Colleague: 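The structure's right below; bear with me while I get my questions together.
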Amino acid sequence: MMNEETNPPQNNTIEDDAAYYRRNYHVDISKVATELHRTDKFIIYLNPRDELSWFINHIPDHAKKSYAEFCRLNSLISINLTKHNAINAYRLIASALNSSLRAQEEQTIAQLYKDAYEYYEKNKGEIKKIVIRSAQYCIYITRKNTVTWWHGRTPSEHVKLAQAEFENTNSMAEQCLNESYSEAIASKLGAALSMAFSKENPQEIKACFDEVRTFVAAKVQSHLKLWLFITNASVSAIFIAIAFFLSWWLPDLTTYFLCAGAGVVGSMVSSLQRNKTVESDGYVSNYGLYCESISRLIIGASFGVLVLLGVMSDLFLPLIKGNMQAIICMSFIAGFSERFVPDLIDNVAKKQKE
């Protein structure tokens with residue numbers, strides 16, 4: 001941004017601009033990435049590393065206190081703010097110094113730097129941990145346990161790939177895990193991004209995030225298995241309680257309710273026994289767990305009753321007819337093994353065809 005009081009070079013060639021900057025400000029024009037304020041007596045700018053730089057030919061007496069405060073705030077900002085917030089703060093203190101240098105008399109420091117003070121106080125506690133801070137890039141962990149970073153103005157392709165891998169891994173963690181894991185995830189993501197920024201090979205960049213992905217996958221597995229257990233146990237208890245209540249209310253149907261309950265228990269045991277590993281892709285939320293658990297238990301109850309009806313009607317398992325304990329055991333097996341009842345039905349259908 002060029003100030004309207006600036007005295008630009010007479011010619012607009014790059015050579016003349018470079019010569020003007022060297023002659024008037026003793027600055028290499030390639031070091032001026034963003035010009036903030038400029039007159040023929042001073043220049044304030046951001047260098048390619050987005051750090052605040054300046055050249056002042058002469059500091060008037062009325063502006064010396066302002067200049068001292070400017071230098072103090074610049075040091076605090078560079079240490080305590082993230083790069084993105086620091087850039088905004090640099091603009092505020094640069095504007096204040098520009099105003100005092102242009103003034104004809106001394107200005108009140110508190111009023112001059114009021115906006116800068118407020119912005120600094122608001123954002124100074126954002127950094128929880130500095131993962132790395134270098135001339136090329138900076139990576140921070142914020143108080144909210146998020147990872148933020150700054151990289152050079154023209155990031156290379158390998159840096160863009162590292163950022164993309166970071167975003168994908170971070171998105172997976174945010175969708176699958178609750179906030180209790182945010183601190184551990186942020187720490188691992190910050191370290192992975194720091195390593196990835198130093199790599200150039202695409203495969204090595206992706207490998208930097210393998211540990212984070214493995215950590216997220218393990219926590220998702222634990223989370224899903226816990227909820228599967230809680231959901232199955234809770235719904236099974238509700239089913240069994242209902243079955244006992246109905247058997248008390250309708251004593252003539254007690255046998256049916258016992259077989260349904262045995263099927264539910266068998267289905268629950270089968271679900272817990274099989275889910276040593278859980279496919280996380282199948283569950284967008286706990287709602288998916290509830291639906292699958294309830295559907296399995298309903299199928300288990302139905303198969304348990306179907307075994308009783310099949311035995312009583314002599315369609316299958318004739319050897320256990322009249323043996324209530326055996327029928328209940330078979331109802332449990334029907335709930336435990338999803339193929340048990342379908343196979344019995346297939347055998348009946350084949351016999352009917354014969």
Side-chain angles (χ1 to χ4, degrees), residues 1-6 25 27 31-39 41-56 59-60 62-155 163 166-167 170 182-183 186 189-190 193-194:
M1 181 175 68
M2 185 178 292
N3 191 282
E4 61 183 4
E5 295 184 22
T6 298
Y25 308 120
V27 173
K31 303 298 183 182
V32 181
T34 302
E35 188 177 290
L36 300 178
H37 301 281
R38 174 161 71 94
T39 69
K41 296 179 180 179
F42 67 86
I43 183 172
I44 308 173
Y45 60 94
L46 295 177
N47 63 30
R49 297 191 298 273
D50 283 329
E51 298 169 339
L52 191 60
S53 301
W54 62 91
F55 172 81
I56 302 174
I59 302 175
H62 66 266
K64 288 183 177 179
K65 289 183 179 180
S66 176
Y67 178 72
E69 184 65 6
F70 167 84
C71 293
R72 186 183 76 86
L73 285 174
N74 178 60
S75 298
L76 291 174
I77 289 167
S78 63
I79 294 171
N80 297 316
L81 298 189
T82 65
K83 182 68 78 170
H84 297 291
N85 287 334
I87 292 171
N88 294 330
Y90 288 151
R91 292 179 182 276
L92 292 175
I93 64 173
S95 178
L97 180 61
N98 173 64
S99 178
S100 62
L101 290 173
R102 293 175 182 276
Q104 300 301 316
E105 58 185 18
E106 186 174 342
Q107 295 179 294
T108 305
I109 299 299
Q111 187 62 33
L112 195 61
Y113 289 91
K114 178 183 176 182
D115 291 342
Y117 291 149
E118 291 177 353
Y119 188 85
Y120 175 77
E121 289 298 324
K122 178 182 177 182
N123 294 282
K124 70 177 182 180
E126 183 181 3
I127 299 177
K128 181 177 182 179
K129 178 183 178 182
I130 299 174
V131 179
I132 187 170
R133 177 183 274 166
S134 68
Q136 289 75 33
Y137 55 88
C138 304
I139 301 173
Y140 315 92
I141 296 176
T142 69
R143 291 291 176 186
K144 295 181 179 179
N145 289 319
T146 60
V147 179
T148 183
W149 73 88
W150 168 89
H151 206 284
R153 292 168 178 261
T154 54
Q163 292 174 352
F166 167 85
E167 294 294 346
N170 187 50
S182 60
E183 184 174 358
L189 278 174
L193 186 62
S194 177

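Below, all heavy atoms of this structure are taken into account, side chains as well, without hydrogens, waters or symmetry copies. If you're wondering where the values come from, they're calculated on a predicted model, not measured in any experiment.
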Colleague: Can you name the closest pair of heavy atoms from L46 and Y90 and give their distance?
Modeller: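 The answer is CD2-CD1, 3.9 Å.
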
Colleague: Can you find a heavy atom in the side chain of W149 that is under 4.5 Å from one in the side chain of Q163?
Modeller: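 The answer is yes, as the side chains (C-beta and beyond) meet within the 4.5 Å cut-off.
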
Colleague: Going by ring pair (Phe, Tyr, Trp, His ring centres under 6.0 Å), name the pairs with one or both residues in residues 117-138, residues two or more places apart or in two chains.
Modeller: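 Found Y137-H151, Y137-F197.
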
Colleague: Does some side-chain heavy atom of W54 sit less than 4.5 Å from a side-chain heavy atom of N74?
Modeller: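 Yes, their side chains come closer than 4.5 Å.
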
Colleague: What is the minimum heavy-atom distance between R133 and I79, and which atoms define it?
Modeller: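 Heavy atoms of R133 and I79 come nearest at NH2-O, 3.2 Å.
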
Colleague: For the NZ atom on K128, are there more than 12 heavy atoms of other groups (residues, nucleotides or ligands in this structure) within a distance under 6.0 Å?
Modeller: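 Yes, the 6.0 Å shell around NZ holds more than 12 heavy atoms from other groups.
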
Colleague: Under 3.5 Å, is there a donor-acceptor pair linking the side chains of S66 and Y113?
Modeller: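 The criterion, which ignores hydrogens and geometry beyond distance, is satisfied for Y113 and S66.
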
Colleague: Please list all pairs meeting salt bridge (Lys or Arg N to Asp or Glu O under 4.0 Å) that have one or both residues in residues 72-83, counting only residues at least two apart or in different chains.
Modeller: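 Sorted result for residues 72-83: E69-R72.
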
Colleague: On a heavy-atom basis, which atom in Y25 and which in F55 lie closest, and how many Å separate them?
Modeller: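 Looking at all heavy atoms of both residues, the shortest contact is O-CG, 3.1 Å.
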
Colleague: Decide if atom CD of E118 counts as having more than 12 heavy atoms of other residues, nucleotides or ligands within a radius under 6.0 Å.
Modeller: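 Yes, because the 6.0 Å sphere around CD of E118 holds more than 12 heavy atoms from other groups.
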
Colleague: What residues, two or more places apart in sequence or in another chain, satisfy side-chain contact (heavy atoms from CB on, under 4.5 Å) together with T108?
Modeller: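 Expected list: A110, Q111.
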
Colleague: Answer yes or no: are there more than 12 heavy-atom neighbours, outside E167 itself, under 6.0 Å from its atom CD?
Modeller: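 Count over threshold, so yes.
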
Colleague: Can you list everything that forms a salt bridge (charged side-chain N to carboxylate O under 4.0 Å, His left out) with K122? Sequence neighbours excluded, please.
Modeller: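 Testing K122 for salt bridge (charged side-chain N to carboxylate O under 4.0 Å, His left out), a comparison that skips the adjacent residues, returns none.
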
Colleague: So N80 and I127, do their side chains get closer than 4.5 Å, heavy atoms only?
Modeller: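 In short, these two side chains do not touch, never coming nearer than 4.5 Å.
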
Colleague: Which distance, rounded to the nearest 0.5 Å, do you find between the OG of S95 and the CZ of F70?
Modeller: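 Answer for the OG-CZ pair, S95 versus F70, is 11.0 Å.
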
Colleague: Roughly how far apart are L73 CG and S78 OG, rounded to 0.5 Å?
Modeller: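 L73 CG to S78 OG: 10.5 Å, rounded to 0.5 Å.
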
Colleague: Where do T82 and T148 come nearest, in terms of heavy atoms and distance?
Modeller: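 Of all heavy-atom pairs spanning T82 and T148, the closest is CG2-CG2, 4.1 Å.
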
Colleague: Would you say that L52 contacts I93 through its side chain, given a criterion of any heavy-atom pair below 4.5 Å between the two side chains?
Modeller: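 Counting from C-beta outward, L52 and I93 do come under 4.5 Å.
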
Colleague: Checking K31 now: which residues fulfil salt bridge (charged side-chain N to carboxylate O under 4.0 Å, His left out) with it, not counting sequence neighbours?
Modeller: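 K31: no salt bridge (charged side-chain N to carboxylate O under 4.0 Å, His left out) contacts found.
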
Colleague: Find the distance between SG (C71) and CG (L97) and round it off to the nearest 0.5 Å.
Modeller: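 Answer for the SG-CG pair, C71 versus L97, is 8.0 Å.
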
Colleague: Among residues at least two apart in sequence or on other chains, which ones pass side-chain contact (heavy atoms from CB on, under 4.5 Å) with I59?
Modeller: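 Scan of I59 (side-chain contact (heavy atoms from CB on, under 4.5 Å), adjacent residues dropped) gives I56, A63, K64, Y67.
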
Colleague: Looking only at non-hydrogen atoms, find the nearest pair between R91 and T34 and report the distance.
Modeller: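 Reported closest heavy-atom pair: NH2-CG2, 3.9 Å.
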
